[in-house]
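Scroll down for the structure; my scribbles are underneath it.
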Protein chains: 2
Amino acid sequence: MKKPTPPVSGAAPNMKQVAEAAGVAVSTVSRALTNPGRVNEKTRTRVAEAARKLGYTPNAAARSLRMGKSKTIMIVLPGALYYGASQIIPLALAGIDGLLARNGFKILIANLDREEATEQHIINLAGSGTVDGAIVLSSAPPSVGGRSLKDLGLPVVAMLHDISDQGVPSVITNEHQIMCAATELLIAEGHRQFLYVAGPDGVYHEVHRYAGIREAIARHGLPESALTRTEGVGAYQEGFNIGFAAAEQLLAMAPRPTAALCCSDDAALALLKRLLDEGIEVPSEVAVMGFDGAAVGALFRPALSTIEQPATEMGTRAAALLLEMLAGEEVPPVTVVDSTILRRGSA
Amino acid sequence: MKKPTPPVSGAAPNMKQVAEAAGVAVSTVSRALTNPGRVNEKTRTRVAEAARKLGYTPNAAARSLRMGKSKTIMIVLPGALYYGASQIIPLALAGIDGLLARNGFKILIANLDREEATEQHIINLAGSGTVDGAIVLSSAPPSVGGRSLKDLGLPVVAMLHDISDQGVPSVITNEHQIMCAATELLIAEGHRQFLYVAGPDGVYHEVHRYAGIREAIARHGLPESALTRTEGVGAYQEGFNIGFAAAEQLLAMAPRPTAALCCSDDAALALLKRLLDEGIEVPSEVAVMGFDGAAVGALFRPALSTIEQPATEMGTRAAALLLEMLAGEEVPPVTVVDSTILRRGSA
DNA sequence: CGCATTATGGCAAACGATTGCCAAACGTAA
DNA sequence: TTACGTTTGGCAATCGTTTGCCATAATGCG
């Protein structure tokens, strides 16, 4: 019984060992494994067999070094969006991962929390050749001391935010238009007094969603007073608080709005709860419309009507764009994936 | 005016260019940057200045190759747990990332979906020196053809599941005990007939949670008939369906259970909704207790009582264990982080 | 059979950072 | 001034893979 080199030894076997086992040179092993046409079929199987027996896996660092690519993509996540009921980020990740993993890419996660040195950390990752590209889910590509992720020579794609004005191809949803459509729907059903439950001031989404509502209002000849916007109450991660604060504001208003359009499902659900607690009928007295499409909204009574973002598909599209950029192809500056209005009962 | 090498050139600057700029040898640059004591202070600043000016970032692949470590940790996620209302996975990730990033580690995500070749992919990552260790959130460490992640010579830590019997240090919560405590609480309040809304058959959590309830039942001398267990209805990701199916079962039972303990908040919320739709009072007619601690549960009416898992802390602890293992220290086979009962109204 | 052509495998030089070892330079003391 | 010790910087090997180039073997054709 021959003594096989144990597959589980301390050190991982390298190409040289495979070469010896197969009785060929390392270069032949390399070619046999990656460039099948270049080597005789019999040799190739012999090499493959030796590699299998030894449990050989090519060393990624060495390959990266030699090739100048890492087959790794960095996903830049804003810690702030990560909690609450909506599953935008996890779904987007699933979409991204699906396509990238299929194409042999690894996924590096950066910036789950927003710590001090994190931006520097991200820039370093990009500059060190650790990653071949990045998908940014935060509103601005990280930068430090004038050096920004986007001009580091790496392909970068944004999603959720449109930062094509900074030269970064972006995958977004039709926030403006869908919000406009939702408002028009409500107007058609007789609503005349609206409350927009706003998220953090100055955030990308806010501008577009609010503008969408205003457009609908204007288009139907309603006065400006038909729309009130809540004061920003802090970060998205405080989604519930946004909703609670909005409820206070709504309850104090006269005339009272009959429809509330919210920046997130978190805000909408909190608002919904508070209104119901106050004995207000939804949707007959006040209609509530969320934004995101959180599945759990369907369990509320009444079930939350909302605007469903195609998070998974946006992720897939962003990944596809990045792959094209890596292949040297031109990509459109903006890709729009449509959201849909999901009427479930609260509006 | 001298012509500075533009920081944003096509190729990233390497150590040799820094050395030239500073008028020293590469080895000196290396030592100046990583081993400050070994080189004259004046030289050190000169090198640091040159590096800064060129925008130098050490090449990670080269360093990995030379050092034999990648400063990268792989997180193995089960795609199945990723959706629904509970935020266990995102919170766990935040905990893990917090500690690892602070220690200079990168985080590689694997297996968001469960595709065909994924397990092989994971094994390859581990074998290729791409990662220095792994944290596993799925029930079993991936394996293919007899080669398992856990015996690949890499430090591996599990969380959420106890697989210490396979030699993998595990971070878990006291599912058995807390479920027992919750049941005792309900017994003390007069409940005598229980329904356990079960998740997928044979899953780790199921065994322990169910056993916890049984222990409480037995300890208080209640008959076995005091506890009914729903039939498994499929994967966790079908959380809502589990709850709906359980509702049907509960409604058909006589005598009707007065308390339902659920395997997840998703199931609990779906059950809650269905019961309320049927006009059943919660908690007076049927008390409902969830499991996970999803924040959104607080918005239901009544607010969902639940068992809150310390997901973030479990993540932090798992990361800490892994760091200790990387440092060659011994770690305990099992680490328990306590869950807490969160009484909010539905039980 | 001889020559030209192609298929195949091997040698060795990269890729960029780290580090053992040695040499130069410096300071100090005799 | 010489001898010695100490500090500091440089040379060069190394990590494991890929690949241009060359040598050889195999094949085809006249």
Side-chain angles (χ1 to χ4, degrees), chain A residues 9-48 50-51 54-72 104 124-125 127-132, chain B residues 9-48 50-51 54-72 104 124-125 127-132:
Chain A
S9 75
N14 60 19
M15 208 168 241
K16 191 165 155 207
Q17 295 173 35
V18 176
E20 276 165 17
V24 297
V26 276
S27 54
T28 304
V29 175
S30 176
R31 278 187 276 253
L33 264 35
T34 63
N35 192 358
R38 185 68 175 67
V39 54
N40 187 307
E41 176 58 20
K42 266 182 300 190
T43 319
R44 201 195 60 71
T45 42
R46 197 155 34 106
V47 169
L54 266 61
Y56 168 74
T57 313
N59 180 295
R63 175 175 284 170
S64 274
L65 177 58
R66 177 61 222 245
M67 310 283 279
K69 345 205 122 291
S70 61
K71 292 287 256 181
T72 302
N124 283 353
L125 287 179
S128 67
T130 308
V131 302
D132 292 342
Chain B
S9 75
N14 61 20
M15 208 168 244
K16 189 165 157 207
Q17 295 172 35
V18 176
E20 276 166 17
V24 296
V26 276
S27 53
T28 304
V29 175
S30 176
R31 277 188 275 254
L33 264 35
T34 63
N35 193 357
R38 188 70 174 66
V39 55
N40 187 307
E41 176 58 20
K42 267 180 301 191
T43 319
R44 201 194 60 72
T45 41
R46 197 155 36 108
V47 169
L54 266 61
Y56 168 75
T57 313
N59 180 295
R63 177 175 280 169
S64 274
L65 177 57
R66 178 61 225 248
M67 308 285 278
K69 354 203 115 289
S70 61
K71 292 289 257 179
T72 302
N124 283 351
L125 288 179
S128 68
T130 308
V131 302
D132 292 342

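Chain A is the first sequence line, chain B the second, and so forth, proteins listed ahead of strands; every chain is numbered from 1.
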Item checked: C:dG16 phosphate, OP1 or OP2, under 4.0 Å from B:Asn59 side-chain N/O -> no

Check: Rounded to the nearest 0.5 Å, what separation is found between the CG atom of A:Asn14 and the CG atom of A:Asn59?
Finding: 9.0 Å

Margin query: Show the nearest heavy-atom pair for residues B:Ala50 and B:Ala21, with the distance to one decimal.
Written below: CB-CB, 4.0 Å

Check: Donor-acceptor pair, B:Thr45 side chain versus B:Glu41 backbone, under 3.5 Å?
Finding: yes

Notebook entry, point to check: Of all of residues 24-31 of chain A, which get a heavy atom below 4.0 angstrom from DNA chain C, listed by number?
Noted result: A:Val24, A:Ala25, A:Ser27, A:Thr28, A:Arg31

Next item on the list: Would you mind reading off the distance between A:Asn40 atom CG and C:dG10 atom C1', rounded to a whole angstrom?
Entry: 15 Å

Check: Quick one: A:Arg63 CZ to D:dC15 C1', roughly how many Å, whole number?
Finding: 16 Å

Item checked: Sub-4.5 Å side-chain heavy-atom contact between B:Lys71 and A:Thr130 -> no

Notebook entry, point to check: Roughly how far, to the nearest 0.5 Å, is the OG1 atom of A:Thr43 from the CZ atom of A:Arg31?
Noted result: 11.5 Å

Note to self: Tell me the interatomic distance from A:Leu33, atom CG, to D:dT19, atom P, rounded to whole angstroms.
What the structure shows: 13 Å

Notebook entry, point to check: What integer distance in Å separates B:Lys42:NZ from C:dC26:C1'?
Noted result: 12 Å

Check: Within the side chain of B:Arg44, is there an N or O that forms a donor-acceptor pair under 3.5 Å with the backbone of B:Val39?
Finding: no

Next item on the list: For A:Arg46 and C:dG9, give me the distance from atom CZ to atom P, rounded to whole Å.
Entry: 8 Å

Item checked: Length of the CG-C1' vector between B:Asn35 and D:dT7, whole Å -> 14 Å

Next item on the list: Specify the closest pair of heavy atoms between A:Ser128 and B:Pro58, including all atoms of both residues, with the distance to one decimal.
Entry: CB-O, 3.2 Å

Next item on the list: Return the value, rounded to whole Å, for the distance between atom NZ of A:Lys16 and atom P of D:dC15.
Entry: 8 Å

Item checked: Spacing of A:Arg46 atom CZ and A:Thr28 atom OG1 [to the nearest 0.5 Å] -> 9.5 Å

Notebook entry, point to check: Looking at DNA chain D, which of residues 64-72 of chain B put a heavy atom within less than 4.0 Å of it?
Noted result: B:Leu65, B:Arg66

Note to self: Please give me the minimum heavy-atom distance between B:Arg63 and B:Thr34, naming the atom from each residue.
What the structure shows: NH2-CG2, 3.8 Å

Checklist line | For atom CD of B:Glu20 and atom P of D:dG10, their distance in whole Å | finding: 13 Å

